[in-house]
Amino acid sequence: QVQLVESGGGLVQAGGSLRLSCVASGSIYTINAMGWYRQAPGKQRELVAAISASGITRYATSVKGRFTISRDNAKNSVYLQMNGLKADDTAVYYCGAERGITVVTTGRYAMDYWGKGTLVTVSS
């Protein structure tokens, strides 16, 4: 099993920045891709960004140019730097991990493990 713990959420004004962090523990040797999904009230969970162990990335169109995903394999961590935040970015952000790289190569919902989420609220 893999445990994922997110941090870094909070309240920010539109145009501001936040950095989310996620640390993995447990059977981390089994995971390859890691990434971030988000779920706004009344909406489905959607992919924000994902990154493979080798550094291949995928972004949702809505966040390209504003968000950057990065990873530190030595620290078993993945990060999401969010700049230029908009009210539409308000959601619970979940860290996910996959044994393969389906989420990176196809964007399909493919995570095997999930964190509990961290709330990001952007005030307009």
Side-chain angles (χ1 to χ4, degrees):
Q1 285 294 320
V2 173
Q3 294 78 43
L4 302 171
V5 178
E6 305 99 334
S7 62
L11 174 64
V12 64
Q13 288 188 332
S17 299
L18 279 176
R19 185 179 190 238
L20 304 183
S21 300
C22 173
V23 180
S25 62
S27 301
I28 56 176
Y29 59 89
T30 65
I31 63 175
N32 190 321
M34 296 183 73
W36 294 92
Y37 280 72
R38 67 187 180 187
Q39 188 166 17
K43 295 187 177 181
Q44 289 188 331
R45 191 173 295 192
E46 62 175 1
L47 174 66
V48 177
I51 184 169
S52 70
S54 64
I56 303 169
T57 59
R58 174 178 286 270
Y59 291 92
T61 302
S62 60
V63 307
K64 280 182 180 178
R66 299 189 298 125
F67 292 9
T68 301
I69 190 169
S70 61
R71 182 171 177 164
D72 187 335
N73 292 327
K75 295 183 178 180
N76 305 318
S77 296
V78 64
Y79 309 97
L80 186 69
Q81 177 66 42
M82 305 186 292
N83 299 328
L85 283 161
K86 306 175 182 179
D88 286 348
D89 295 318
T90 295
V92 177
Y93 283 70
Y94 295 92
C95 177
E98 183 194 345
R99 298 187 192 97
I101 57 171
T102 299
V103 65
V104 174
T105 57
T106 70
R108 288 207 311 267
Y109 192 96
M111 295 302 189
D112 296 301
Y113 306 102
W114 293 99
K116 293 184 178 180
T118 185
L119 177 63
V120 172
T121 304
V122 184
S123 63
S124 56

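Side-chain atoms are counted along with the backbone in the values below, which use heavy atoms only and exclude waters and symmetry mates.
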Practice problem: Could you pull out all residues at least two apart from Asp89 that satisfy side-chain hydrogen bond (donor to acceptor under 3.5 Å, both in side chains)? | Solution: Arg38, Arg66
Self-check item: Where Ala33 and Val104 come nearest, the two heavy atoms and their spacing
Solution: CB-CG2, 3.9 Å
Quiz item: CE of Met82 to CG of Leu18: how many Å apart, nearest 0.5 Å?
Solution: 4.5 Å
Practice problem: Mind listing the closest non-hydrogen atom pair of Ala110 and Glu98 along with its distance? | Solution: O-CG, 3.2 Å
Quiz item: Does the side chain of Thr30 reach to within under 4.5 Å of the side chain of Asp112, using non-hydrogen atoms?
Solution: no
Quiz item: Does Val23 have any side-chain contact (heavy atoms from CB on, under 4.5 Å) partners at least two apart in sequence or in another chain, and if so, which?
Solution: Ser77
Self-check item: Euclidean distance, Thr90 OG1 relative to Leu119 CG, rounded to 0.5 Å
Solution: 8.0 Å
Self-check item: Distance (rounded to the nearest 0.5 Å) between Ser123 OG and Gln13 CD
Solution: 5.0 Å
Quiz item: Do Met111 and Tyr94 sit in the same hydrophobic cluster, where Ile, Leu, Val, Met, Phe, Trp and Tyr count as joined when their side-chain heavy atoms come under 4.5 Å apart?
Solution: yes
Quiz item: Which distance, rounded to the nearest 0.5 Å, do you find between the CD1 of Ile101 and the OG of Ser54?
Solution: 6.5 Å
Quiz prompt | Donor-acceptor under 3.5 Å (Glu6 side chain, Gly117 main chain) | solution = yes
Practice problem: Please name all residues satisfying ring-ring contact (aromatic ring centres under 6.0 Å, His included) with Tyr93, sequence neighbours left out, ordered by chain then number. | Solution: none
Exercise. May I ask whether Val12 and Tyr79 are part of the same hydrophobic cluster, defined by side-chain heavy atoms of I, L, V, M, F, W, Y residues being less than 4.5 angstrom apart, directly or through others?
Key: no
Self-check item: Shortest non-hydrogen separation from Ala14 to Ser124 and the atoms involved
Solution: CB-CA, 4.2 Å
Quiz item: Do Arg45 and Trp114 pass the side chain to side chain contact (heavy atoms under 4.5 Å, CB included) test, and can you show the C-alpha distance, the side-chain angles, and the key distance before you say yes or no?
Solution: CA-CA 12 Å; Arg45 191 173 295 192; Trp114 293 99; 3.3 Å; yes
Exercise. Considering non-hydrogen atoms only, spot the tightest contact between Ser17 and Gly84 and give its length.
Key: OG-N, 4.4 Å
Exercise. Decide yes or no for Val78 and Trp36: does some side-chain heavy atom of the first lie under 4.5 Å from some side-chain heavy atom of the second?
Key: yes
Exercise. Step by step, work out the side chain to side chain contact (heavy atoms under 4.5 Å, CB included) result for Val103 and Arg58.
Key: CA-CA 8 Å; Val103 65; Arg58 174 178 286 270; 5.8 Å; no
Quiz item: Is a donor on one side and an acceptor on the other found under 3.5 Å between the side chain of Asn76 and the backbone of Ser25?
Solution: no
Quiz item: What is the distance from atom CZ of Arg99 to atom OH of Tyr29, rounded to the nearest 0.5 Å?
Solution: 10.5 Å
Quiz item: Got Tyr59 and Thr68 here, is their nearest side-chain heavy-atom distance under 4.5 Å?
Solution: yes
Exercise. State yes or no: do Ile31 and Leu47 share one hydrophobic cluster built from I, L, V, M, F, W and Y residues joined by side-chain heavy-atom distances below 4.5 Å, directly or via other members?
Key: no
Quiz item: Same hydrophobic cluster for Val122 and Val63, using side-chain heavy-atom links shorter than 4.5 Å among ILVMFWY?
Solution: yes
Quiz prompt | Cluster link Ile51 to Leu80, ILVMFWY, side chain under 4.5 Å | solution = yes
Self-check item: Leu85 side chain reached by Phe67 side chain, heavy atoms, under 4.5 Å
Solution: yes
Self-check item: Which atom of Val2 lies closest to which atom of Ala24, heavy atoms considered
Solution: CG1-CB, 4.3 Å
Exercise. Identify the heavy atoms of Leu4 and Cys22 that sit nearest to each other, and give their distance.
Key: CB-SG, 4.0 Å
Exercise. Mind checking the OG1-CD1 spacing from Thr105 to Ile56? Nearest 0.5 Å is all I need.
Key: 8.5 Å
